[in-house]
Amino acid sequence: MIWQKMSLRVSVCIVLILCVVIAPFWKIVALADETVLQLSSPSVILMEASTGTVLYEKNPDEVRSPASITKIMTLLLTFEALEKGRIKLEDEVSTSAHAKSMGGSQVFLEEGEVQTVDTMIKCIAVASGNDASVAMAEFIAGSEEAFVQMMNEKAAELGMGNTHFLDCCGLSSDSEHHTTARDVAIMSRELITRYPQVYQYTKIWMEDIIHVTKQGSKSFTLSSTNKLLKQYQWATGLKTGSTSTAKYCLSATANKNGIDLIAVIMGAPDFKVRFSEARSLLEYGFAKTRLYVDENKEELAPIQIQGGKEACVDVKPEGAFRYLDVTGNDFSQIEKIFVYKERIEAPISAGDQVGSIEYKMQGKNIGSVAIVAAKDVEKAHYIDYLHRIILWYLL
């Protein structure tokens with residue numbers, strides 16, 4: 001009995017000692033998620049690019065001046081014009097007097113100087129050239145004003161509800177030229193997911209271009225404004241910006257283990273803070289996330305169709321499935337279930353949805369991918385049924 005009491009007292013003492021010693025460490029662990037992201041920048045957001053999942057935010061909808069991160073939209077419209085065949089990388093762009101007159105960051109294009117679209121993109125993405133931005137805007141739309149209208153139309157199309165542009169490069173200090181961290185993340189996501197070839201430009205640290213003018217030819221070195229390229233091994237882009245009104249801004253992109261993150265910093269007090277806090281956001285995001293990807297490459301069996309010229313239609317998944325996990329779930333528990341409509345009737349067009357692939361984890365739906373028709377099937381007429389009957393008897 002005495003030994004039992006002594007054992008109990010010893011046990012209680014040990015528990016109390018452990019509580020005193022270990023409790024502070026548990027507190028540190030519990031607060032780690034909060035303290036690691038005590039950021040001084042007034043407005044930030046962290047987004048995973050493939051799913052659009054927001055991982056962290058601080059005043060993300062606060063309207064602010066964007067400075068040169070405006071050029072993300074200029075680059076987006078440039079790549080869109082390339083995709084649609086309206087311009088080509090080898091096309092030559094002539095610099096107007098208006099483009100040459102731009103102040104701020106520039107690559108010192110002379111009036112009448114000709115550079116290819118490819119070089120102009122480098123001047124915008126690497127050195128943040130205001131003159132190159134205006135030259136490209138005029139080349140694509142005929143005037144900067146017309147191009148700015150395209151920018152605002154694209155912003156509306158993307159759901160950037162708190163954005164309005166007055167120029168194509170971000171020089172304006174007018175309050176009517178504004179956006180938010182969330183909207184910057186949205187247009188950054190559109191650019192890097194739709195046109196990943198932009199990384200061929202935004203990863204450039206230093207590169208020479210040749211100015212050819214009436215005075216002759218001379219080399220000019222483009223030097224990246226994104227110092228994160230040298231400070232963070234996973235950095236891939238994207239765009240910096242700073243004015244006295246906007247202070248220091250950055251939309252930083254990075255890729256690690258197949259995950260693309262976008263960290264937007266707006267209104268940082270100095271240029272060092274914007275880079276250090278973007279890095280903190282990116283490291284936080286990579287530590288917190290894992291991405292499940294099913295490319296859906298398998299071939300699906302054709303399915304029956306009613307009333308069509310063909311009895312079956314080929315089908316395919318609409319695309320890959322991505323699920324971003326932030327809780328450490330076991331991906332081996334993910335179930336993949338094929339679900340088709342009970343009755344599919346002709347006519348049907350390629351791309352029409354005929355079913356879906358449902359993904360579940362622990363009984364909960366975590367997303368889906370549409371199954372679509374791979375080709376058109378016209379509605380059958382009397383002559384088609386007669387033809388089938390004849391073939392049936394012959395065969």
Side-chain angles (χ1 to χ4, degrees), residues 65-180 183-184 186-192 194-195 197-198 201-202 237-241 243 246 249 251:
S65 176
S68 281
I69 53 177
T70 296
K71 296 185 180 81
I72 295 170
M73 182 60 80
T74 300
L75 288 169
L76 175 58
L77 292 180
T78 298
F79 280 99
E80 189 175 85
L82 285 166
E83 179 186 45
K84 293 181 177 179
R86 297 202 299 264
I87 63 174
K88 298 181 178 66
L89 285 174
E90 59 270 21
D91 285 348
E92 294 185 333
V93 182
S94 181
T95 304
S96 68
H98 174 57
K100 178 189 182 304
S101 71
M102 292 297 107
S105 58
Q106 53 188 305
V107 294
F108 303 101
L109 298 170
E110 293 293 334
E111 182 179 353
E113 181 178 344
V114 174
Q115 296 286 358
T116 64
V117 168
D118 181 62
T119 298
M120 288 294 193
I121 294 174
K122 289 176 185 175
C123 292
I124 298 168
V126 180
S128 194
N130 294 326
D131 43 3
S133 298
V134 174
M136 275 306 306
E138 293 173 337
F139 182 69
I140 292 171
S143 69
E144 185 182 8
E145 291 76 15
F147 189 81
V148 170
Q149 182 177 344
M150 292 171 59
M151 294 170 70
N152 286 317
E153 289 171 356
K154 191 66 178 181
E157 178 188 323
L158 294 175
M160 297 165 58
N162 292 312
T163 295
H164 186 260
F165 298 112
L166 292 178
D167 64 45
C168 67
C169 55
L171 271 176
S172 178
S173 59
D174 193 308
S175 62
E176 287 301 304
H177 186 89
H178 60 255
T179 188
T180 65
D183 284 358
V184 171
I186 289 171
M187 67 176 174
S188 299
R189 181 191 179 212
E190 180 74 3
L191 176 58
I192 65 173
R194 190 169 168 186
Y195 307 111
Q197 60 267 39
V198 72
Y201 301 91
T202 61
L238 184 61
K239 192 70 199 72
T240 62
T243 63
C249 305
S251 179

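In what follows, every heavy atom counts, from backbone to side chain, and hydrogens, waters and symmetry copies are set aside.
The structure places OH of Y201 at 13.0 Å from CE of M120, a figure rounded to the nearest 0.5 Å. Of the inter-residue distances, the one linking S188 atom OG with I72 atom CD1 reads 3.5 Å to the nearest 0.5 angstrom. Separating the CE atom in M187 from the OG1 atom in T74 is a distance of 8.5 Å, to the nearest 0.5 Å. Rounding to the nearest 0.5 angstrom, the gap separating the CG atom in D91 from the CZ atom in R86 is 12.5 Å. Atoms CG and CZ, from D174 and F165 in turn, are 14.0 Å apart once rounded to the nearest 0.5 Å. Atom SG of residue C169 and atom NE2 of residue H177 lie 7.5 Å apart, to the nearest 0.5 angstrom.
In this structure H178 satisfies the side-chain contact (heavy atoms from CB on, under 4.5 Å) test together with V63, H164, sequence neighbours excluded. For T243, the side chain to side chain donor-acceptor pair (under 3.5 Å) test picks out no residue, with sequence neighbours left out. Under the rule for a side chain to side chain donor-acceptor pair (under 3.5 Å), the partners of T163 that lie at least two apart in sequence or sit in another chain are T179, D183.
Two residues are said to be in side-chain contact when any heavy atoms from C-beta on lie closer than 4.5 Å; T70 and M151 meet this criterion. Side chains of V93 and I87 form no contact here, defined as non-hydrogen atoms less than 4.5 Å apart.
Counting only residues at least two apart or in different chains, salt bridge (Lys or Arg N to Asp or Glu O under 4.0 Å) contacts with residues 145-166 comprise E80-K154, K154-E157. Legend: salt bridge (Lys or Arg N to Asp or Glu O under 4.0 Å) pairs involving residues 99-114, not counting sequence neighbours: none detected.
Here the closest non-hydrogen pair linking I69 and C249 is CD1-CB, 3.8 Å.
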Step-by-step side-chain contact (heavy atoms from CB on, under 4.5 Å) determination, I192 to T202: CA-CA 10 Å; I192 65 173; T202 61; over 6 Å; no
Apply side-chain contact (heavy atoms from CB on, under 4.5 Å) to residues E144 and D167 and explain how you reach the verdict. CA-CA 7 Å; E144 185 182 8; D167 64 45; 3.4 Å; yes
Residues 121-142, side-chain donor-acceptor partners within the protein, below 3.5 Å, at least two apart:
unit_1	atom_1	unit_2	atom_2	d
K122	NZ	E207	OE2	2.6
S128	OG	S68	OG	3.4
S128	OG	K71	NZ	3.1
S128	OG	K239	NZ	2.8
N130	OD1	K71	NZ	2.7
N130	ND2	G103	O	2.8
N130	ND2	S105	O	3.0
D131	OD1	V107	N	3.2
D131	OD2	V107	N	3.2
D131	OD2	F108	N	2.9
D131	OD2	L109	N	3.0
S133	OG	G129	O	2.9
E138	OE1	S96	OG	2.7
E138	OE2	S96	OG	3.1

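Shown here is E83, whose CD atom has more than 12 heavy atoms of other residues, nucleotides or ligands within 6.0 Å.
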